[in-house]
Amino acid sequence: MRIGVLNGPKLNLLGERDPQHYGTMTLSEIEELLVERAAEQGAELCFFQSDDEGAIVEWIQTQAMSVDAWLVNAGALTHTSVALRDALAASARPFVEVHLSNVFAREPFRHTSVFSDLAIGVIAGFRASSYTFGLEALTSHLREQTGV
Ligand code: DQA
């Protein structure tokens, strides 16, 4: 099974950006951890990070045929991007939404996601572990779906 891991604006700055909310691991360290966990779960990953909404929407469209599911931390686009919602819906692939911080314990504008109703589920507040929990949730969902 192949999973596309998508990170939105400014998640390339993890490690130095707001460590009290996002922890101290860099995006590369999180990706390395995910590769290890994915191998244990028989999954292969492909990664993409961009600050550019259009580039993200395009990446989803070009990768959709070659992935089984998405692990998505869209950063601030979570709260605003109908284009991203439409791209995820059009891909017809299941996804788990993750956030490093507990968005519900922060400013009210972070309490709303424009696509969480399309997600299998949402994991927020566990810093880097949100991604590993999300990956596990996604691989067990895919296994259930395919009966493997
Ligand atoms: C975030 C939460 C968003 O509100 C914020 O804009 C981010 C990161 C998180 O992982 O906690 O960029 O998605």
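Counting starts at 1 for both ligands and their atoms, following the listed order.
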Are there any N/O pairs under 3.5 Å between ligand 1 and the protein, and if so, what are their distances?
from	atom 1	to	atom 2	distance (Å)
ligand 1	4 (O)	H79	NE2	2.7
ligand 1	4 (O)	R110	NH1	2.9
ligand 1	6 (O)	A76	N	3.1
ligand 1	6 (O)	R110	NH1	3.1
ligand 1	10 (O)	N73	ND2	2.9
ligand 1	10 (O)	L100	N	2.8
ligand 1	11 (O)	L100	N	3.3
ligand 1	11 (O)	S101	N	2.9
ligand 1	11 (O)	S101	OG	2.6
ligand 1	12 (O)	R17	NH1	3.2
ligand 1	12 (O)	R17	NH2	3.1
ligand 1	13 (O)	N73	OD1	2.8
ligand 1	13 (O)	H99	ND1	2.8

Can you confirm whether R127 sits close enough to M25 that some side-chain heavy atom of one is under 4.5 Å from a side-chain heavy atom of the other?
no

May I have the list of side-chain donor-acceptor pairs in residues 83-98 shorter than 3.5 Å, sequence neighbours left out?
from	atom 1	to	atom 2	distance (Å)
R85	NH1	V114	O	2.7
R85	NH1	D117	OD1	2.7
R85	NH1	D117	OD2	3.3
R85	NH2	D117	OD2	3.1
S91	OG	W70	NE1	2.9
S91	OG	L88	O	2.7
S91	OG	R93	N	3.3
R93	NE	A64	O	3.1
R93	NE	V67	O	2.7
R93	NH1	S91	O	3.3
R93	NH2	A64	O	3.1
E97	OE1	S113	OG	3.2
E97	OE2	H99	NE2	2.7
E97	OE2	S113	OG	3.4

To the nearest 0.5 Å, what is the distance between CD (Q63) and CZ (F48)?
9.0 Å

A side-chain contact here means heavy atoms from C-beta on lying under 4.5 Å apart; do E44 and M1 qualify?
no

If you measure from CG on N7 to CG on N12, what distance do you get to the nearest 0.5 Å?
9.0 Å

Check: L11 and D51 side chains under 4.5 Å, non-hydrogen atoms
no

